[in-house]
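FYI, the numbering just counts along the sequence from 1. Both counts, for ligands and for their atoms, begin at 1 and track the order of listing.
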Amino acid sequence: MSNVTGLTCVICDKTYPADFAGYVCTDHGNEGILDVRYDYARIAGSWTKADLDANRNRTMWRYRPLMPVRPDAPVPPLTVGGTPMYDAAPLAADLGIARVWVKDEGRQPTASLKDRASAMAVVKAQEREAEVITTASTGNAAAALSGICASVGQKNVIFVPKTAPEAKIAQLLAYGSTVALVNGNYDAAFELCLLAAEEYGWFNRNTGFNPFMTEGKKTAGLEILEDLEWNPPDAIFVSVGDGSIIGGVHKAMKDAVGLGWIEKVPRIYGIQSDGSDFMVQAFESGEDVLTKAPISAATLADSISADLPRDRIKAMAAVTETNGAYIRVSDDDILAAVPVMARGSGVFAEPAGAAAYAGLVEAVNRGLVTATDEVVVLSTGNGLKDIAGAMKAVAAAGTKPMYVDPNLEALKMAMQKGTNE
Ligand SMILES: *Cc1c(COP(=O)(O)O)cnc(C)c1O
Ligand SMILES: [Zn+2]
């Protein structure tokens, strides 16, 4: 078996055995998300930083002792994890802070961080010999599940809002998933998917429901720490929809503390659009996220649009237990961040990815991040995921191409006009 000691409800602390066949706490239903617990003493006794150094497998599976899978469980062939983290000196200079690293999750096989969770979902589903896997998604979790299922020939059924960006829908269709384009928002797709999974007995990958998704996503946090040789940054910026990524980043920090591999935990900042700010509202008002009513979300950063963040309990703890904050940015700020981040780091992000950078700008303005701070921006998805968003962003930045006839004279005139402007 793995090093898992049990699955603990985030509401009541009731603990279920490691091989529990359900997804959520039987006393708390869909809100009773389970947290996977590990025997850190046992893991630390047989696994060291030096073992990790010697491991040439650069994928997320290099952290297998900290994952809820058997040591010999087969994993999908796509290369998930091992994404680069760049020291973006121009951005740090712009902001007047010590250092900015950008971790580029757009480099994953289906171009977003969600591959980490979907790879985990496929392993768990195959462990249970599930015939079909399903998920609802704003687009990226679906594309990730779709691609990873394709790599192992696993049947899957996907529910996405029909308004999802075309590139994400194209991925689903190319990979050959059964695709339901739901006439409603993400929250409606989520509810329908839960009903369908129950009705048909499908393996359910949904975020903020399936307890193993966070355990896949946390590998991004472990990579951040390992890349920095277990010297944690001062702060990590993460955009938040359902709150599962931020919960995963927090889990990585708790795992590393549990193993005695780090002492200081970075401040974790959650970033939301002002059109989808459930977590920011709760952070500011102190309202209990469990009982707070859903909002009506609307943002062009589709990946972080959620009326009711499904993983909100873990998401709030990630910020409050690390002395971080929830920060609200406008859609205009998010759009502005797309070219700024692309030009200052070379990483071209979709709006939800750039939102984390917009949050860093706001944090600097508010004095939450200061001159000596070294921060990581988690760029969660590739800019090619949402071309309409990218074109809006460059238009807002006033960036225009030159239109030229194919001769040198015309080019010279255009160049001169360009530089005279
Ligand atoms: C899913 C997603 C997020 C938000 O993650 P949550 O776990 O829903 O908070 C942010 N950015 C991108 C690109 C995503 O796909
Ligand atoms: Zn419970």
Side-chain angles (χ1 to χ4, degrees), residues 7-16 22-35 103-106 108 110-118 135-145 160 164-165 167-168 171 186-187 190 206-211 213-214 216-218 220 237-251 268 270-273 276 278-279 290 297 299 301-316 318-319 326 334 338 347 349-359 377-386 389:
L7 311 174
T8 301
C9 172
V10 293
I11 298 175
C12 70
D13 274 348
K14 184 167 167 184
T15 296
Y16 296 82
Y23 299 95
V24 289
C25 175
T26 48
D27 293 347
H28 288 99
N30 293 354
E31 316 307 325
I33 296 173
L34 302 178
D35 182 42
K103 184 163 174 66
D104 184 12
E105 289 291 309
Q108 298 279 11
T110 78
S112 85
L113 187 146
K114 298 298 197 301
D115 285 329
R116 296 179 188 271
S118 288
T135 197
S137 165
T138 56
N140 284 339
L145 184 62
V160 288
K168 299 180 184 180
Q171 285 183 292
Y186 167 59
D187 296 76
F190 188 99
N206 276 306
T207 300
F209 181 79
N210 185 316
M213 299 306 92
T214 309
K217 288 173 177 171
K218 78 181 182 187
F237 283 75
V238 186
S239 60
V240 175
D242 274 324
S244 169
I245 294 177
I246 198 170
V249 168
H250 187 212
K251 184 66 172 285
I268 299 177
I271 314 305
Q272 294 198 296
S273 161
S276 180
F278 182 102
M279 296 303 303
L290 192 57
T299 167
D302 62 291
S303 300
I304 51 171
S305 185
D307 293 353
L308 183 68
R310 300 288 163 170
D311 226 348
R312 55 200 181 278
I313 295 178
K314 288 181 188 172
M316 186 55 81
V319 157
Y326 270 97
I334 292 173
V338 172
V347 176
E350 69 167 275
Y357 186 77
V377 172
L378 191 58
S379 180
T380 42
N382 197 300
L384 297 175
K385 287 275 195 174
D386 182 2

Asker: Please confirm whether K114 comes within less than 3.5 Å of ligand 1 when only nitrogen or oxygen atoms on both sides are compared.
Answerer: yes

Asker: Is the backbone N or O of Y186 less than 3.5 Å from a side-chain atom of T138, with the two atoms forming a donor-acceptor pair by type?
Answerer: no

Asker: Quick one: does any side-chain atom of K314 pair with a main-chain N or O of L34 as donor and acceptor, under 3.5 Å?
Answerer: yes

Asker: Show me which atoms of ligand 1 lie under 4.0 Å from any heavy atom of G243.
Answerer: 6 (P), 7 (O), 8 (O), 9 (O)

Asker: Give the atoms of ligand 1, by number and element, whose distance to some non-hydrogen atom of V240 is under 4.0 Å.
Answerer: 9 (O)

Asker: Please identify which atoms of ligand 1 are closer than 4.0 Å to at least one heavy atom of G241.
Answerer: 4 (C), 6 (P), 8 (O), 9 (O)

Asker: List ligand 1 atoms under 4.0 Å from S244, heavy atoms only on the residue side.
Answerer: 6 (P), 7 (O), 9 (O)

Asker: Under 3.5 Å, side chain of D307 to main-chain N/O of D187, donor-acceptor pair present?
Answerer: no

Asker: I'd like the name of whichever of I304, N140, V249, T380 reaches closest to atom 11 (N) of ligand 1 through any heavy atom.
Answerer: T380

Asker: When you measure from the side chain of N206 to the backbone N and O of F209, does any donor-acceptor pair fall under 3.5 Å?
Answerer: no

Asker: Test your reading of the model: is there a side-chain donor-acceptor pair from S244 to the backbone of D311, 3.5 Å cut-off?
Answerer: no

Asker: Determine whether the side chain, the backbone, both or neither of K217 has a heavy atom under 4.0 Å from any heavy atom of ligand 1.
Answerer: side chain

Asker: Has the side chain of D242 got a donor or acceptor atom that lies under 3.5 Å from a matching backbone atom of R310?
Answerer: yes

Asker: Flag I245 as yes when one of its N or O atoms lies below 3.5 Å from any N or O atom of ligand 1, and as no otherwise.
Answerer: yes

Asker: Which residue supplies the protein heavy atom nearest to atom 8 (O) of ligand 1, what is that atom called, and how far is it?
Answerer: D242 N, 2.8 Å

Asker: Tell me which protein heavy atom sits closest to atom 10 (C) of ligand 1, plus the residue, atom name and distance to 0.1 Å.
Answerer: S239 OG, 3.2 Å

Asker: Quick check for you: with the Zn ion (ligand 2) as the vertex, what angle do ND1 of H28 and SG of C25 span, to 10°?
Answerer: 110°

Asker: Evaluate G353 for polar contact with ligand 1, using N/O atom pairs at a separation under 3.5 Å.
Answerer: no

Asker: Ignoring hydrogens and geometry, is there a side-chain-to-backbone donor-acceptor pair from K385 to T110 under 3.5 Å?
Answerer: yes

Asker: Determine whether Y326 and I246 make a side-chain contact, defined as any pair of heavy atoms from C-beta on separated by less than 4.5 Å.
Answerer: yes

Asker: Counting distance only, does the side-chain N/O of R116 pair as donor-acceptor with the main-chain N or O of L113 below 3.5 Å?
Answerer: no

Asker: Looking at side-chain heavy atoms only, is the closest gap between V10 and H28 below 4.5 Å?
Answerer: no

Asker: What part of D311, side chain, backbone, both or neither, has a heavy atom within less than 4.0 angstrom of ligand 1?
Answerer: neither

Asker: For ligand 1, is any non-hydrogen atom under 4.0 Å from E105's backbone (N, CA, C, O), its side chain (CB onward), both, or neither?
Answerer: neither

Asker: Which atoms of ligand 1 sit under 4.0 Å from any heavy atom of G381?
Answerer: 13 (C)

